[in-house]
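Predicted, not measured: the structure shown is a model, and the values here were computed from it.
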Amino acid sequence: MQCCITDMRNKEVINKESGCRLGFVNDIEVDTGCGKVIAIVIYGRPRCFGILGREDDIRIRWEDISVIGPDTILVCCKPCDPYSKRKKRKFNAFDSFFR
């Protein structure tokens with residue numbers, strides 16, 4: 001089966017180990033010297049409708065891709081939930097005085 005780079009944008013990426021959806025392919029990293037695909041990139045979700053920027057992008061190495069199907073791409077990488085809430089430290093106004 002052949003797949004063009006333009007066809008990759010329409011494919012959803014799913015983590016094979018955890019079963020979570022990572023998103024759709026937004027960009028591809030290519031080594032222009034040898035013409036090989038190095039990684040696929042999934043842009044992070046926008047925060048507050050994009051006003052506060054985006055979350056971190058997800059970069060998946062080409063070696064971690066297991067299967068490229070007609071609609072989905074299965075990847076085998078460490079199980080993680082990229083969109084889970086990160087533990088935030090409570091801000092205390094007096095913290096700077098005690099450091």
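- Considering every non-hydrogen atom in both D57 and Y43, the closest pair reads OD1-CA, 3.4 Å.
- Looking only at side-chain heavy atoms (C-beta outward), I60 and V13 come within less than 4.5 Å of each other.
- Heavy atoms only, all atoms of each residue included: W62 and M8 are closest at CZ3-CE, 4.1 Å.
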Legend entry - side chain to side chain contact (heavy atoms under 4.5 Å, CB included) evaluation trace for V75 with L22: CA-CA 10 Å; V75 297; L22 300 176; 3.9 Å; yes

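- Taken to the nearest 0.5 Å, the CG atom of N15 stands 9.5 Å off from the CD1 atom of I58.
- For the atom pair CZ of R21 and CD1 of I14, the computed distance is 6.0 Å after rounding to the nearest 0.5 Å.
- Between S66 and K16 the shortest heavy-atom distance is OG-NZ, 3.5 Å.
- Residue I68 is grouped with residue I28 when hydrophobic side chains (ILVMFWY) are merged at heavy-atom distances under 4.5 angstrom, including chains of intermediate members.
- Linking Ile, Leu, Val, Met, Phe, Trp and Tyr residues whenever their side-chain heavy atoms come within less than 4.5 Å places I40 and V30 in a single cluster.
- Side chain of K11 to backbone of G69: a donor-acceptor contact under 3.5 angstrom is found.
- Between the CD1 atom in I42 and the CG atom in D27 there is a gap of 11.0 Å [rounded to 0.5 Å].
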Legend entry - CA sep, side-chain torsions, deciding dist, call: V37, E29, side chain to side chain contact (heavy atoms under 4.5 Å, CB included): CA-CA 6 Å; V37 176; E29 291 182 20; over 6 Å; no

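- Between the CG atom of N10 and the OG1 atom of T72 there is a distance of 12.5 Å, given to the nearest 0.5 Å.
- Counting heavy-atom neighbours within 6.0 Å of R59 CZ, excluding the residue itself, gives a total above 12.
- Across E17 and C76, no two heavy atoms sit closer than the pair OE2-SG, 3.1 Å.
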